[in-house]
Every structure is written in structure tokens, then in C-alpha cells.
Amino acid sequence: MTNATGLVWLSEDLRLHDNPLIERAANECQELIFCYFVDPSELKRDIYGCQPLGIHRRQFLAESLLIMHDRLKELGQTLNVFLARPIPSIESICSNLPITHVYRSTPVAFNESQSWAQLKSMLPDVNMISVETRCLFSAAEIEFQADSFPATFSKFRRLAERLNVRVPNGEIRSLPPSLSLLAFNFDRLILDPWVLNKQPIARGGEDTALDHLHDYFSSTAANTYKQTRNAFDGWENSSKWSFWLANGSLSVKQAAQALKEFQVVHGENEDNGWLMFELLWREYFQWYARAFNKRMFLVDGLFDQEKRKLRGTFYPQRFKQWCAGNTPYPIVNACMRQLNATGYMSNRGRQIVASALINELGLDWRCGASYFEQQLIDYDPASNWGNWQYIAGVGADPRGGRQFNLKKQTQMYDPNGEFIAKWTDSDENHRLDYTDAADWPIL
């Protein structure tokens, strides 16, 4: 293509392996600009008092961006990282430079889709191109509208299992030259101060993701995955792919391909087959988010108000106790304190604490989802909000929510109390809705 200059708006696609977004931009343009925007609003408190981009994911993101910067630099490119609102920033760049194309990964969540639509309307003379980078399948293969979306994951899985997962693309080894943005006065984000924890549970970036994927399948962990995946603790007990899948340092097709290659050599069994089952759950929620848009974030979810059960309200004291791990429920406290300290919680733990917030504490499920957004390293909008709706009973599954028996869950998954003892003091006894007598009104 003659005299084409492209702006690549990076988001959850921070890799050079299997990145059709960058590959297409490189094939169509003679010059490229790479930008990543951290919206200042992500560092402010939301209505629940949560900061969307919390300290654990912030560090992981910074590490991922630093590695992406170095990888692009090796290919003669520059990664421009700005602390700025993306829409007005991109509009300004396109108004002052001869940008002919803007590229980004196909949006998934409602706000992303709205922003992309707004930008397209602001730049009618620019080719606006979105490329699928987050999913196993393409829209042509599996996309649904809200009125045709499978009512359960099982129905979706039966459809998806008929499809072939595409082989991931190779590594991008050359790029067009860069165009300087030094003349623009957007606030550039200095990433190093965000890397504060010297011993995080996981390091960000494509290099680390590929090393982890290789190490995982060099062990026999996949052959016991279904048996160990519910463990509250232990690095080897689950795949941990979600860290890097969430910001696109690892492609989901790369994970699926590595699993397939492992099964060819070692054989397929129920345990390693469950890894693909989990990847399909992730896939389900990616398309679920696109089908239902803003209904992912409404208290009633996919239901009309008259058709749902009461889904809780907002008790600030109870929510504060849940966040801090100071509830009357030891297993909930241990899980929440693990999350606060590390940015990680097991899948079983997430279900338990979500059920407790909704059922035992009577809170609006969205405040829990918002806190997870703040704390989780592997926060993914589709998986997070979709799973919370699933537990709350306002999502696509029509069975009306999940309530976990906390004592039974503790007996099954922490029978010796080791996990609780690790994260809490055994003599703690917290109660709800307490009031200090010093605060009583005196008449």
C-alpha cells in the first residue's frame, strides 16, 4: 500500500508472537506508530471506592510494557506509553500527522466498544481497522447476537468443540520504521516507579509468558490438572496462564497449541483435557461480553427487574470487612488476604468469596466485581464480570446463581486448616455490623 502511515493502539495484545494486529499493520503501512494509553481514570476511585488499576496489576502491566518496549526497539520501533485519555490523544495525533490507518484489537467490553465507535466517528477519513487477537475463534465462526447466545456454557462448548482452533502465527521479525511523537505534549508514563514489589507472584511480559508455558509443559503438571486445580495455594496446582492471557502477553492460541503438542507426545486424558475445557470457558465469556454489552455491568444482568431475585444492596461496613478479610468466615478471610497480598486467588477461592459476598453478606455483586478488578493481576473484563453474574444468578446460565456452603468447602479443600492458618490468625473472631459504643448518640 502506497504512502500508508499507521497508528497501532495497543491494549491487551502485548506480544510479537501470534499477533495478527501488528502483522496486518506491518503489511499495510510504510511507517508505524505504536501507542499504549493508561487512562488517568483507571487510577481514580470508582463508586465503590475501588481503583480500577490496582498496585498488583499495575506492576505486572509495567513489566509487560517494558519488555514490549525492548522487543519493539530491537526491530527499530518505539513504544509510546502515555498517561492520557486515548480518544482525544489519538484524534490529536491523527489531526497533526499524516495518519491513514488506525489499528486496534477488536474490542470486547462495552466501554472499549463505545470508545472505538466514538473514535471512528471522529476520524471519518482514516481507515479504522480492528483485528481479532484475544480469542480461539473468529467472529465469522462463532459470534452471536444477544437473542441467539447459548443459554448455558454446555451449549456453547458443544458448538465450539466442532470447530478447529487455528494454528498460531509465528513471531514478527521485522517492522516498518517509526514516526516520532516527541512533538506531542501528552504525559509520558515512566514505568520503572511502578515496579515496586521485588518478589511478585509472577512477572509480566511476553518473554516470561513463553518461558512459563514451556516450563509448564516440561513438567507433568498438566496430567494432574483436574485433580489439583481447586487447591487454594501452590504455584504448580493450576496453569497460571491467566496472568499473561489477560494483557495479551500470551496468545490463547499459543496456549491451546502447546496443550495439543503435549497431548500428542504424552497422550490425552481427562486431566490435561480439562485445560482445554477452561480455555473454552474463557472463550465463552469473551463472546458473552460482546453479545450483551452494557448488560454485563447492570445489577439485573440479563434479567428484567421483575424476573430476578433480590440481589443485595451496599453495606459499606460489610464490604470493607469482606475486602480486608475480616468477616466471620475464616475461609473467606484467608482467600481475601491472599488476594490483597499477592494479586492472585484460585478459581475455587473466587467462587467461594463471591458466593459469600452475595449470599452471606447480602451485597450487590458489582461491588465485589469492582474490587476484583482492582486487585487481580489477571483481571479480564469479560471473565471477571461474566463469572460474577454467573455466581449471582443474573447471567446467561438460567439456574439462578450459586451458593456455596462455606463449612463444606473448607472441609473439602482445606481439611487441615493449613491455608487458613497461613493467611489468618487462628483466634480471630470477626462479626458483622459492629458499632463502637463510643459512637452511640447521647441525648
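In this chain, numbering begins with 1 at the start of the sequence shown. Because the structure is a prediction, the values reported are computed rather than measured.
In this view, I420 and P330, I331, A334, T410, D414, T424 satisfy the side chain to side chain contact (heavy atoms under 4.5 Å, CB included) rule, not counting sequence neighbours. Evaluation of the salt bridge (Lys or Arg N to Asp or Glu O under 4.0 Å) rule for D70 yields no partner, not counting sequence neighbours. Applying the side-chain hydrogen bond (donor to acceptor under 3.5 Å, both in side chains) rule to E418 yields no partners; only residues at least two apart in sequence or on another chain are considered. Annotation: side-chain hydrogen bond (donor to acceptor under 3.5 Å, both in side chains) contacts of R162 (sequence neighbours excluded): none. Scanning for salt bridge (Lys or Arg N to Asp or Glu O under 4.0 Å) contacts around E132 gives R290, with sequence neighbours left out. Remark: D39 pairs with no residue by the salt bridge (Lys or Arg N to Asp or Glu O under 4.0 Å) rule, at least two apart or across chains. N19 is linked by a side-chain hydrogen bond (donor to acceptor under 3.5 Å, both in side chains) to nothing, counting only residues two or more places apart in sequence or in another chain. Residues satisfying the side chain to side chain contact (heavy atoms under 4.5 Å, CB included) test with T224, not counting sequence neighbours, are Q227, T228. Remark: F262 pairs with F217, H266 by the ring pair (Phe, Tyr, Trp, His ring centres under 6.0 Å) rule, at least two apart or across chains.
Counting heavy atoms from C-beta outward, Y284 and W281 have side chains that approach closer than 4.5 Å. The side-chain heavy atoms of M276 and V165, taken from C-beta on, include a pair separated by under 4.5 Å. Residues I22 and V131 are not in side-chain contact: their nearest non-hydrogen atoms beyond the backbone lie 4.5 Å or more apart. E278 is not listed as a side-chain neighbour of W241, based on a closest heavy-atom distance of 4.5 Å or more. Considering only heavy atoms from C-beta on, Y344 stays 4.5 Å or farther from I377 through its side chain. L279 has its side chain out of reach of W274: every pair of non-hydrogen atoms, C-beta onward, lies at least 4.5 Å apart. A 4.5 Å side-chain heavy-atom check between R15 and L250 finds every atom pair outside the cut-off. A heavy-atom distance below 4.5 Å is found between the side chains of V353 and M336.
Here F34 and W9 keep their ring centres 6.0 angstrom or further from each other. The aromatic ring centroids of F292 and W287 lie 6.0 Å or more from each other. Centroid-to-centroid, the aromatic rings of F372 and Y379 stay 6.0 Å apart or farther. A ring-centre distance under 6.0 Å is not found for F82 and Y36. Checked against the 6.0 Å centroid threshold, F153 and F277 count as a close aromatic pair.
Counting heavy-atom neighbours within 6.0 Å of E270 CD, excluding the residue itself, gives a total of 12 or less. By the neighbour-count criterion of 12 heavy atoms within 6.0 Å, atom CZ of R85 is sparsely surrounded, having that number or fewer from other residues, nucleotides or ligands.
Of the possible polar contacts, none joining the T220 side chain to the N223 backbone as a donor-acceptor pair under 3.5 Å is found. Between the side chain of N237 and the main chain of D233, a donor-acceptor pair closer than 3.5 Å is present. E23 places no side-chain N or O within 3.5 Å of a backbone atom of D18 that could act as its donor or acceptor partner. The main-chain N or O of S239 is found under 3.5 Å from a side-chain atom of H212 such that the two form a donor-acceptor pair. Looking only at distances, a side-chain donor or acceptor of R166 sits under 3.5 Å from a matching main-chain atom of L136. The backbone N or O of Q51 lies less than 3.5 Å from a partner atom in the side chain of Q374, making a donor-acceptor pair. Proximity of a side-chain donor or acceptor of R104 to a complementary backbone N or O of S130 within less than 3.5 Å is not detected. The closest donor-acceptor contact from the side chain of T342 to the backbone of Q338 lies under 3.5 Å.
For the atom pair CD of E31 and CG of L7, the computed distance is 12.0 Å after rounding to the nearest 0.5 Å.
Within the structure, side-chain hydrogen bond (donor to acceptor under 3.5 Å, both in side chains) pairs that include any residue of residues 106-118 comprise E112-R134 (at least two apart or interchain). Annotation: salt bridge (charged side-chain N to carboxylate O under 4.0 Å, His left out) contacts involving residues 52-67, sequence neighbours excluded, comprise E63-R203. Applying the side-chain hydrogen bond (donor to acceptor under 3.5 Å, both in side chains) test to pairs two or more places apart or on separate chains, those with a residue in residues 72-82 are N80-R188.
With respect to R24 and E28, a salt bridge is recorded, a charged nitrogen being found less than 4.0 Å from a carboxylate O. Salt-bridge formation is detected for the pair R71/E171: a Lys NZ or Arg NE/NH1/NH2 atom is positioned less than 4.0 Å from an Asp or Glu carboxylate oxygen.
Minimum heavy-atom separation, I172 to L75: O-CD1, 3.7 Å. Counting all heavy atoms, side chain and backbone alike, S64 lies closest to S249 at OG-OG, 3.6 Å. Minimum interatomic distance between G205 and I67 (heavy atoms only, all atoms of both residues): CA-CD1, 3.6 Å. The minimum heavy-atom distance linking L376 with M345 is given by the pair CD2-N, 4.3 Å. Closest approach of P193 and I190 over heavy atoms only: CD-O, 3.3 Å.
A cation-pi arrangement is absent between R366 and F297, since the terminal nitrogen or guanidinium carbon is not both under 6.0 Å from the aromatic centre and inside a 45° cone about the axis.
Taking the six-membered ring where the residue is Trp, F60 and W244 present tilted rings, their angle falling between 30° and 60°. Below 30°, between 30° and 60°, or above 60°: for F156 and F149 the angle between ring planes is below 30°, a parallel geometry. Between Y288 and F285, the ring planes lie perpendicular to each other; the angle is over 60°, past the 30° to 60° tilted range.
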Are I352 and F232 close enough, and set up right, to give a side-chain contact (heavy atoms from CB on, under 4.5 Å), and what steps lead you there? CA-CA 11 Å; I352 288 171; F232 291 119; 3.8 Å; yes
Carefully, step by step, assess E373 and N384 under the rule side-chain hydrogen bond (donor to acceptor under 3.5 Å, both in side chains). CA-CA 8 Å; E373 179 176 356; N384 183 65; 5.6 Å; no
